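Notes follow once the structure below has been shown.
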There are 2 protein chains.
Amino acid sequence: MKWGELEEEPCSMARTIGVIGDRWTLMILRECFLRTRRFEGFQSSLGITRHLLAERLKKLVRQGVLRRIPYQDSPKRHEYILTQKGLDLYPIMMAIVHWGDTHMVDARGRPLLHQHRKCGKDFDPVMICSECGEPLSAKEVHTHPGPGARRTPAIAAPEKPKAKTRRSAA
Amino acid sequence: MKWGELEEEPCSMARTIGVIGDRWTLMILRECFLRTRRFEGFQSSLGITRHLLAERLKKLVRQGVLRRIPYQDSPKRHEYILTQKGLDLYPIMMAIVHWGDTHMVDARGRPLLHQHRKCGKDFDPVMICSECGEPLSAKEVHTHPGPGARRTPAIAAPEKPKAKTRRSAA
DNA sequence: TGATACAGTTCTAAAAACGAACTGTCAATT
DNA sequence: AATTGACAGTTCGTTTTTAGAACTGTATCA
């Protein structure tokens, strides 16, 4: 499996990772959600090399996650703003931040709080089941192949022909 | 900003990305949630090089995301299972898969469906506010510095002392 | 005139990933 | 007894990516 092919894998996770699954892309996206729009803005707040930044922005535009919009004419200048497809990445970002808040903070506590405008309170994101509204956890979920499946959802998973599981289950 | 330093950034997103923010790590984690536990299992279903796999697994263990547990003695063999910290990554995984299901599927539809054992139905994950229970979207959220903040949540913003770096000096 | 802001591009060195082969233990075959 | 195969890595030479720094080019400001 090469990275260029990731987008075509029959796995929504692999495809998504093909788009946003590298460190800088994720950091760039974080900046987008913090309202950064311009090349210099990304560059100076992230410290990313200009070369990579240009490349990543291009890719994100190609993928329809960002839109490149002119904001002045004289020297042509553009800003990068999230499309709806990009905005839809929000749950991913929030989930990442929340895991960091839970498992990676130092003694000082979380660096950033999130306030929900609607209810006015600082909140944590909670993931629930769309059908019954209960919070989700890995163990309560069973996966099964959907219409776009190929063999396993996975990549290859070669069949073990006989599986004589060594010296047994004790 | 070098990658080794990412974990110390005053930003939960950067820290999390330092742990799980590369393509193979994410794919390995996906396998974990699909119940893969052993080296060969990861290797053959992902097609990752053995070298990288070994490295990533070690890192995940160091970070407390996986635990390495012996399952036989003769030749020492271990399996890798998710710790609670690892299981807590579930919302991230689900968010990623869901975005892929929404924006990256081909005509055949989604490769994998998720059934909630509790209610028995195939579901989508929905992210809500822990305080009021309403679904979240980027625009309804306001961020502000928390106790662990440093200036911006952001990274560094290198000091430009006077910077006559460019085209002159000639 | 000269400096600065902005958005890139180009180039070389360093780091990471790939690919394939190799090591070593043990179980089951031949 | 020797061979094969499963399993879990490690080693090493090659290719690909990234880092880091400088350069290009337009236009405004002082």
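Since the model is a prediction, treat every value here as computed from it, not as a measurement.
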Q: Taking only Lys NZ, Arg NE, NH1 and NH2, and the carboxylate oxygens of Asp or Glu, determine whether A/Glu40 and A/Arg77 approach each other closer than 4.0 Å.
A: no
Q: Starting from the 5' end of DNA chain C, give me the residue, B/Lys76 or A/Ala54, whose nearest nucleotide shows up first.
A: A/Ala54
Q) With a 4.0 Å cut-off, would you call B/Arg110 and B/Asp124 a salt bridge? A) yes
Q: Run the salt-bridge test on B/Asp101 and A/Arg15 with the 4.0 Å N-O cut-off and return the result as yes or no.
A: no
(Q) Using OP1 and OP2 only, check whether a side-chain N or O of B/Trp24 sits under 4.0 Å from C/dC18. (A) yes
Q. With nearest nucleotides of DNA chain D determined for A/Ser74 and B/His51 from heavy-atom distances, which residue corresponds to the more 5′ nucleotide?
A. B/His51
Q) Cut-off 3.5 Å, side chains only: do B/Ser45 and B/Glu31 have a donor facing an acceptor? A) yes
**Q.** Integer-rounded Å distance: C/dA7 P and A/Arg37 CZ
**A.** 13 Å
Q: Indicate whether any N or O donor in one side chain lies under 3.5 Å from an N or O acceptor in the other, for B/Asp122 and A/His144.
A: yes
Q) In residues 56-72 of chain A, what residues come within less than 4.0 Å of DNA chain D, judged by heavy atoms? A) A/Arg56
Q) Between the base of C/dA7 and the side chain of A/Arg38, is there a donor-acceptor distance below 3.5 Å? A) no
Q: Scan A/Tyr80 against the nucleic acid and name what it touches under 4.0 Å (heavy atoms): base, sugar-phosphate only, or nothing.
A: sugar-phosphate
Q | Nearest listed nucleotide, side chain of B/Phe39, among D/dG9, C/dA5, D/dA22 | A | D/dG9
Q) DNA chain D: A/Pro75 or B/Glu79, which has the more 5' nearest nucleotide? A) B/Glu79
Q: Using a strict cut-off of less than 4.0 Å between a Lys/Arg side-chain nitrogen and an Asp/Glu carboxylate oxygen, indicate whether A/Glu140 and B/Arg117 qualify as a salt bridge.
A: no
Q: Among D/dA19, D/dT26, C/dT9, find the nucleotide with the atom closest to the side chain of A/Arg77.
A: D/dT26
Q) Ignoring hydrogens and angles, are the base of D/dA21 and the side chain of A/Arg50 linked by a donor-acceptor pair under 3.5 Å? A) no
